Number of protein chains: 2
Amino acid sequence: MRQELRSLKLDQTPATVRKPGRPKGGRSGETRERILDAAEQLFADRGYDGASIRDVASAAGLQIHSIGYHFGPKEQLFDAVVARRADIMTGQRREALAEARQRAGGDAIPIVQLVRDYVSPFIQSASHGDVGWRNYAALMGRLANSPLGTEIIARHYDETAREYIAELQRALAGANPEDVVDGFSAMVAAMLGICAATGRPERLSGRRAQRPPEDSFETLVRFHTAGFLTLTIA
Amino acid sequence: MRQELRSLKLDQTPATVRKPGRPKGGRSGETRERILDAAEQLFADRGYDGASIRDVASAAGLQIHSIGYHFGPKEQLFDAVVARRADIMTGQRREALAEARQRAGGDAIPIVQLVRDYVSPFIQSASHGDVGWRNYAALMGRLANSPLGTEIIARHYDETAREYIAELQRALAGANPEDVVDGFSAMVAAMLGICAATGRPERLSGRRAQRPPEDSFETLVRFHTAGFLTLTIA
DNA sequence: TAATTAATTGTACGTATGTATAAATTATTG
DNA sequence: CAATAATTTATACATACGTACAATTAATTA
């Protein structure tokens with residue numbers, strides 16, 4: 001790892017100096033959340049191999065072994081980080097899909113609605129949510145094209161993704177189903193790119209600060225809706 | 001790193017057992033290429049932090065210090081891996097842009113042509129090129145949303161990217177320039193996703209093998225051209 | 001109150017890491 | 001042919017890594 005990043009201090013709640021022993025209430029959950037928060041930030045900043053268990057323990061204000069005690073080996077900790085918010089995200093998407101189905105009343109759901117409903121929870125969380133959600137969004141972007149990342153993403157996101165793809169294919173009845181999958185992949189890649197906060201869009205446009213993700217979100221919806229619609233034209 | 005991946009054997013040309021000493025011709029260049037090939041594959045498979053200098057040396061059939069001798073610290077080796085093919089890629093894109101400008105003769109270049117010319121060199125190399133190009137494409141996908149990756153990508157790709165963005169903005173005179181940058185970013189993200197070979201599209205579509213990148217390329221061009229064109233509509 | 005369980009600290013182990021140094025060997029140069 | 005430069009092997013160093021073990025403390029349970 002590069003040295004400049006090594007000395008990063010996390011702005012956690014000050015590590016309450018804890019003596020060994022069983023805590024009062026069900027404090028275990030609180031500690032687990034602290035570990036997940038620290039791991040989320042470090043994995044997002046340095047990647048899976050770049051962030052060590054020691055880094056995570058130190059950032060959470062705990063000893064090394066506490067990580068293993070709560071989560072087992074490193075890969076399970078990583079999975080737990082992804083899973084925590086994946087469950088929330090997936091819940092929102094399924095809820096939106098159920099509503100859209102009801103509103104469509106048997107007809108196909110409009111493309112623009114499907115795009116909006118799939119992307120919105122992610123971008124809203126990444127832009128209006130706390131620092132944890134921002135870290136999570138950056139982490140998802142990093143994971144996207146790595147073997148371990150896609151394996152974990154598959155476990156937590158593919159089921160819902162397939163539901164949306166099925167609805168997209170229904171709404172684009174004339175289109176090649178594989179084209180629709182490619183379009184979906186492009187949509188997800190754009191979504192992750194917007195929230196990854198890499199600084200590249202700023203460098204390419206000459207902007208000082210990052211464009212508000214909500215603005216990019218509106219552009220994404222228009223852009224990709226148009227892309228999907230053109231797939232029906234033979 | 002996960003153990004399963006550790007024992008990977010690279011199908012390099014059998015490591016010619018070399019004695020120390022100055023080689024006959026300017027053999028140095030050949031050794032450098034071997035190192036870059038090995039590093040390219042390992043960085044693509046395991047990421048920057050997941051691939052060690054020892055791995056690279058072993059895969060290239062050399063001792064550890066030879067890597068440092070030729071390329072200096074690890075980050076410079078990484079940069080050299082990216083730079084080698086970035087120069088080729090950038091050359092093709094600039095050439096295509098010059099041709100397109102000449103053909104347009106003062107008028108704006110058609111969107112579909114700009115999309116095609118920017119994406120084509122990458123996807124053609126990744127699908128028709130040798131294993132080195134495929135590794136390079138996968139590596140670029142991994143780099144996309146990481147800090148070190150975007151830093152290096154900026155160094156080697158941003159100048160040409162800005163030229164294409166300027167032409168896109170000219171062709172989309174009525175559009176918000178920042179929307180065009182977002183569209184460009186989406187296009188690049190889709191391009192990288194197609195070539196990253198993560199297996200996700202197969203999982204989402206139920207296909208057995210990977211869809212031929214040329215097919216996805218044609219879809220990408222149609223999809224993103226339509227996306228760009230819709231940005232002019234207020 | 002005695003036994004059990006949960007959560008933590010502290011330490012240790014074997015290995016892997018990036019980098020540096022020293023030595024060896026051979027082509028090239030003067 | 002002697003001197004120099006280039007390229008490699010071999011070894012070493014200090015640190016970092018993931019995981020495991022033992023000990024400690026406190027809440028809970030019977």
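So you know, we letter chains A, B, ... as the sequences are listed, proteins then strands, and number each from 1. Computed from a predicted model, the values in this text were never measured in an experiment.
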Check: Is any side-chain N or O of His70(A) closer than 4.0 Å to OP1 or OP2 of dT8(C)?
Finding: yes
Check: Taking only N and O in the side chain of Ser52(B), is any of them less than 4.0 Å away from OP1 or OP2 of dT17(C)?
Finding: yes
Margin query: I'd like to know if the side chain of Arg142(B) and the backbone of Ala44(B) have a donor-acceptor N/O pair within less than 3.5 Å.
Written below: yes
Check: Under the 3.5 angstrom rule, does the side chain of Asp130(B) hit a backbone N or O of Trp133(B) as a donor-acceptor pair?
Finding: yes
Can you identify which nucleotide, out of [options], has its nearest atom closest to the [X] side chain?
| X | options | answer |
| --- | --- | --- |
| Thr31(A) | dC17(D), dT8(C), dT8(D) | dT8(C) |
| Tyr69(A) | dA10(D), dG18(C), dT8(C) | dT8(C) |
| Pro73(B) | dT9(C), dT19(C), dG18(C) | dT19(C) |
| Arg54(B) | dT9(D), dC21(D), dC13(D) | dC13(D) |
| Ile53(B) | dT8(D), dG18(D), dG18(C) | dG18(C) |
| Asp55(A) | dC17(D), dT19(D), dA10(D) | dC17(D) |
| His65(B) | dG18(C), dA22(C), dC21(D) | dA22(C) |
| Lys74(B) | dT9(C), dA10(D), dT19(C) | dT19(C) |

Checklist line | Salt bridge flag under 4.0 Å for residues Arg84(A) and Glu33(A) | finding: yes
Notebook entry, point to check: How about Tyr164(A) and Phe184(A): are their ring centroids closer than 6.0 Å?
Noted result: no
